[in-house]
Amino acid sequence: MLKIRLKRAGQKKKPFYKIVLMKSLSKREGKHIIEFGYYNPLKKFAYINKLLFDKYLNHGCYPTNTVRHLLYRLTQNKINVK
């Protein structure tokens, strides 16, 4: 099963997340299939390629609860968008 989830990047105590498509059983920093965008929780800044994201949602990929909540916050304008 494929999931849309966050992949941690960045330095120690300076998190930075990539929003990626991965197999559900792979490790957090494992190999991803496609990258949709990124999220910086320190600056509350995010970017998501909406067309590509919607394409894979329609093909049956499931976002994790964290990604689902992140998208909700983006639509409520609580996070800055590029």
Side-chain angles (χ1 to χ4, degrees):
M1 178 191 289
L2 296 175
K3 292 239 178 184
I4 300 170
R5 62 191 210 184
L6 297 176
K7 180 177 179 179
R8 187 180 163 117
Q11 300 175 1
K12 185 178 181 181
K13 298 193 180 194
K14 293 182 183 177
F16 184 83
Y17 296 96
K18 296 179 182 181
I19 303 167
V20 296
L21 178 70
M22 300 177 82
K23 291 184 178 179
S24 62
L25 297 177
S26 62
K27 296 179 181 179
R28 182 181 68 183
E29 278 87 21
K31 189 173 181 180
H32 64 272
I33 300 169
I34 294 177
E35 184 176 331
F36 296 109
Y38 52 85
Y39 170 59
N40 187 345
L42 298 178
K43 296 183 180 179
K44 296 202 180 353
F45 184 80
Y47 168 74
I48 295 178
N49 184 342
K50 190 70 172 157
L51 293 174
L52 193 60
F53 189 83
D54 289 338
K55 175 185 171 185
Y56 281 93
L57 277 181
N58 292 334
H59 283 281
C61 298
Y62 294 103
T64 59
N65 290 335
T66 307
V67 173
R68 188 177 297 127
H69 184 69
L70 180 63
L71 289 174
Y72 171 76
R73 290 175 53 200
L74 282 170
T75 58
Q76 300 296 319
N77 295 327
K78 295 181 180 178
I79 298 177
N80 298 327
V81 179
K82 181 177 180 184

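Atoms considered below: every heavy atom in the structure, side chains included; atoms not considered: hydrogens, waters and symmetry mates. None of the values given here were measured: they were computed from a predicted structure.
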### Y56 and F36 aromatic ring geometry - parallel, tilted or perpendicular at 30°/60° bounds
perpendicular

### Query
So Y38 and Y47, would you call those rings parallel, tilted or perpendicular, with 30° and 60° as cut-offs?
tilted

### Query
How close do L42 and K14 get, heavy atom to heavy atom, and via which atoms?
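Looking at all heavy atoms of both residues, the closest pair is CD1-CA, 3.9 Å.
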
### Task
Give the minimum heavy-atom separation between L21 and C61, together with the two atoms involved.
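Here L21 and C61 meet closest at CD1-SG, 3.6 Å.
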
### Task
Check the surroundings of atom OH in Y62: do more than 12 heavy atoms from other residues, nucleotides or ligands lie under 6.0 Å from it?
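It does not: Y62 OH has 12 such atoms or fewer within range.
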
### Query
Is the number of heavy atoms from other residues, nucleotides or ligands within 6.0 Å of CG (L25) greater than 12?
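Counting other residues, nucleotides and ligands, CG of L25 stays at 12 neighbours or fewer.
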
I need the [X] [atom1] to [Y] [atom2] distance, nearest 0.5 Å.
X	Y	atom1	atom2	value
E35	N49	CD	CG	10.5 Å
R5	H32	CZ	NE2	12.0 Å
F53	I4	CZ	CD1	4.0 Å
L2	I34	CG	CD1	9.0 Å
K7	S26	NZ	OG	8.5 Å

### Task
Could you check T66, N65, T64 and say which one makes a side chain to side chain donor-acceptor pair (under 3.5 Å) with R68?
N65

Under 4.5 Å between side-chain heavy atoms, counting indirect links through other Ile/Leu/Val/Met/Phe/Trp/Tyr residues: same cluster for [X] and [Y] or not?
X	Y	answer
L57	M22	no
V20	L71	no
V67	I48	yes
Y72	F45	no

### Task
Begin with the C-alpha distance, continue with both residues' side-chain angles, and end with the deciding distance and a verdict on side-chain contact (heavy atoms from CB on, under 4.5 Å) for L6 and K18.
CA-CA 6 Å; L6 297 176; K18 296 179 182 181; over 6 Å; no

